[in-house]
2 protein chains.
Amino acid sequence: MADLAAHVGVSRQLVSLVLRDAPGASAETRRRVRAAAKELGFSPHVGARSLRRARSKDLGVVFAPAHSTEPEIVEAIYPAASALGYDVMLSAQTSTRSTDEAVDELLGHRCAALVVIGSTVDLRAIARRSHVPVVDVGFGRPNRYYDVVRSSGDLGIEQLVDHLADLGHRGVTYVDPTSMPPGALRRRGYERAVDRRGLTGDLLPVPGDYAAADYFSEAGATAARSLLDRPELPTAVIAPNDDTAVALLHTLIRHGARVPEDLSVAGFDDAPIARTSSVDLTTVRQDPAHLGAAAVRAAVRRVQNPDLHPRETVLDTSLVVRTSTAAPRRPRPRSRTAGQHVESAG
Amino acid sequence: MADLAAHVGVSRQLVSLVLRDAPGASAETRRRVRAAAKELGFSPHVGARSLRRARSKDLGVVFAPAHSTEPEIVEAIYPAASALGYDVMLSAQTSTRSTDEAVDELLGHRCAALVVIGSTVDLRAIARRSHVPVVDVGFGRPNRYYDVVRSSGDLGIEQLVDHLADLGHRGVTYVDPTSMPPGALRRRGYERAVDRRGLTGDLLPVPGDYAAADYFSEAGATAARSLLDRPELPTAVIAPNDDTAVALLHTLIRHGARVPEDLSVAGFDDAPIARTSSVDLTTVRQDPAHLGAAAVRAAVRRVQNPDLHPRETVLDTSLVVRTSTAAPRRPRPRSRTAGQHVESAG
DNA sequence: TTGTAGGCGTTATCAG
DNA sequence: CTGATAACGCCTACAA
């Protein structure tokens, strides 16, 4: 930094002011300093900066890179954090790297707060030893130790059941990958909606190992084979995540069933694969941008006021109707028009 | 750290020794120091550490979280770096965050080297201003400024063509998403193999925008529709990435074609989706673990000896045969039995 | 094993 | 806007 100052012909502290966007430098000086910094390839040493600064402006984010939905949330966190003046520091949780390791690295960097995405472990111990606010994004339950941000999985499934009931379906089958962490909540939504609408329920549990990379897909394929073994196919099937729904859909199609003519299929997440034209899956969207922004807000709120109690933030989901659902083969008189995109504010 | 030392009843520098695994402390002391660190929730300030240390032991990694194959490479980089004594620092490149921004953040952390995954831009400018070794993982071309690690896309496609020829196919159609960065290389492999085996070539170019999130999938769906419009389907189709191949496969199946009975379909990448049982795609694997390890090795090599010239590392691919490819149908009659319907859907 | 001293690059404060 | 000075937490070197 001294080099840079000498090169421009100003003092070091003026360079420091410019580089951290602090007031007290003229526009012309700013320009010259920035130009010189670029020319010399200089960027301030963030280690030294964090050493000296009173409070950190870094948000630590723990995520699983290979997961299908987490990266989208990570991408959304960047602009949200940036808008509040925070930098983002990523730390991956993988098969060879535990949540604790990922958290420790971030703690070493003295992040102001931690956002943990899609964790299946209880973050209580982590929250206690962190000494910084912790936010759980995914499927945590409200507690006194850390903030929880999640979407309303139960209501989302209810939206799906309502959609199918409105189309005229009298029964809806629900594939339940039983070891999926948010599974219980979503299944409750299904049961509630089926009761409320007076539909015939049909629960198809598929056990398995959540840690297996292809558990969701295999669950869909397994469920499809089970349905194909029946004397008659149901008219509508819901799976509580898109990977399972897509595998279900493709396995059914491969065995001669037509979707949506023979049966309707719906998923949950609005993952990228649901949007491709060869799938075009009716699903429930939990907006990654909303989740990311809510997580950042929750973290910053407690950074600014550490005495506040952790909160639960539940985000609305929105039904996304595509061409994998339609009225059943012999539509009832009360069937309505399909194809509407119902959105609810976040 | 002073607190910790006082708590254990030893000197600060002994604590420092223990925390960085340096020799000079007894096993018993190590144990007590670690226990106390855990109890007090203490971890060394990496900023202060990097400020003091002569050389950095951090490897900066730039990647696109939402990409289908990059996260697997990122996961592989962790153990590879760890084995050589390096920490990993992640920086995301997204639609709202340019490669330059991602690189600048890492440079601010004074990483020892930079690994840039799947970049479509020329890294020359970045390599010049970085003052640290840069490694491009993906589809860079050899040059004097930075290392390149890639897999042998051309040979991989040749393996695929050979496999199909060995099965008895006399012609192979090749879907070419023309704006895909490694596309030219792979297409050359196709052309070479078709010539060498004396097959009938059939190039099906699909233009589009690489930046669009669903470009690969849409390319597959488009190609499928184009094939279905022909009077006769080819017996074998290759797409140079799995997303395209899967969309192609599903669109064909949805329109009544049987895979592999009517035609064989193959992809490239061995992405997670290719492995699911509802897809079970024959493909070419470029091992993410190998790519990650090679990238780390290339980076560390030049960190340890900055005078060495950047290199190109080309990794072998391996053919993964699954059930989407088979021998061509012997008779050519288009006799289709019940349950098969060709329809035009959206 | 302990103690002491110095310094890494930055920010903060204060008087000019 | 400049100049001077202290401090952040840690590592290194050296002597005890």
Side-chain angles (χ1 to χ4, degrees), chain A residues 1-34 36-37 40-58 85-87 89 104-112 131-132, chain B residues 1-34 36-37 40-58 85-87 89 104-112 131-132:
Chain A
M1 193 151 116
D3 294 355
L4 218 194
H7 189 264
V8 185
V10 297
S11 65
R12 281 185 315 137
Q13 37 274 72
L14 192 53
V15 171
S16 173
L17 286 183
V18 172
L19 260 30
R20 65 191 138 100
D21 288 318
S26 70
E28 169 59 13
T29 311
R30 297 197 112 79
R31 198 192 53 71
R32 286 176 50 213
V33 169
R34 286 193 203 290
L40 297 182
F42 175 85
S43 59
H45 190 306
V46 298
R49 173 175 285 182
S50 87
L51 190 55
R52 188 58 182 92
R53 268 208 218 283
R55 58 198 186 290
S56 159
K57 280 297 204 175
D58 286 322
Y86 281 77
D87 286 330
M89 186 159 293
D104 285 342
E105 187 205 319
L106 295 175
L107 257 24
H109 283 282
R110 297 296 184 271
C111 290
H131 301 138
V132 295
Chain B
M1 194 152 118
D3 294 355
L4 218 193
H7 189 266
V8 185
V10 297
S11 66
R12 283 181 316 145
Q13 39 274 66
L14 230 197
V15 172
S16 173
L17 286 184
V18 173
L19 259 29
R20 64 192 141 99
D21 289 317
S26 69
E28 169 60 12
T29 311
R30 296 198 114 78
R31 198 192 53 71
R32 286 174 51 214
V33 169
R34 286 193 202 288
L40 298 181
F42 175 85
S43 59
H45 190 305
V46 297
R49 174 174 286 181
S50 86
L51 192 54
R52 187 62 184 86
R53 269 207 217 282
R55 59 199 186 290
S56 159
K57 280 297 203 175
D58 286 321
Y86 282 77
D87 286 329
M89 186 159 294
D104 285 342
E105 188 205 318
L106 295 174
L107 257 24
H109 282 282
R110 298 294 183 273
C111 292
H131 301 137
V132 296

Inset, instruction - Find the distance B:His45:NE2 to C:dT10:P and express it as a whole number of Å. - result: 14 Å
Inset, instruction - Provide, to the nearest angstrom, the distance between the CG atom belonging to B:Leu14 and the P atom belonging to D:dA13. - result: 17 Å
Inset, instruction - Could you check whether A:Val46 gets within reach of a base, just the sugar-phosphate, or nothing at all, counting any heavy atom under 4.0 Å? - result: nothing
Inset, instruction - First locate atom SG of B:Cys111, then atom CD of B:Glu105, and finally report the distance between them rounded to the nearest 0.5 Å. - result: 8.5 Å
Legend entry - For DNA chain C, the residues among residues 23-34 of chain A that have a non-hydrogen atom under 4.0 Å from it: none
Inset, instruction - Applying ring pair (Phe, Tyr, Trp, His ring centres under 6.0 Å), name anything that partners B:His45, two or more places apart in sequence or on another chain. - result: none
Legend entry - Length of the CG-P vector between A:Leu4 and C:dG9, whole Å: 14 Å
Legend entry - Side-chain touch B:Pro44/B:Arg49, heavy atoms, less than 4.5 angstrom: yes
Legend entry - Gap between atoms CG and C1', on B:Asp21 and D:dC10 respectively (whole Å): 16 Å
Legend entry - Whole-Å distance separating the CG atom of B:Leu51 from the C1' atom of D:dC8: 9 Å
Inset, instruction - First locate atom CG of B:Leu19, then atom CZ of B:Arg12, and finally report the distance between them rounded to the nearest 0.5 Å. - result: 13.5 Å
Inset, instruction - Go along nucleotides 11-16 of chain C 5' to 3' and tag each nucleotide: B for a protein heavy atom under 4.0 Å from its base, S when only backbone or sugar atoms are that close, - otherwise. - result: BS----
Legend entry - All pairs passing side chain to side chain donor-acceptor pair (under 3.5 Å) where residues 19-29 of chain A contributes a residue, at least two apart: A:Ser16-A:Arg20, A:Asp21-A:Arg34, A:Ser26-A:Thr29, A:Glu28-A:Arg31
Legend entry - Audit row: B:Ser43, A:Asp104, side chain to side chain contact (heavy atoms under 4.5 Å, CB included) steps and yes/no: CA-CA 7 Å; B:Ser43 59; A:Asp104 285 342; 5.8 Å; no
Inset, instruction - Could I get the full list of side chain to side chain contact (heavy atoms under 4.5 Å, CB included) partners for B:Val46, not counting sequence neighbours? - result: A:His109
Legend entry - With sequence neighbours excluded, residues passing side chain to side chain contact (heavy atoms under 4.5 Å, CB included) with B:His7: B:Ala36, B:Glu39, B:Leu40
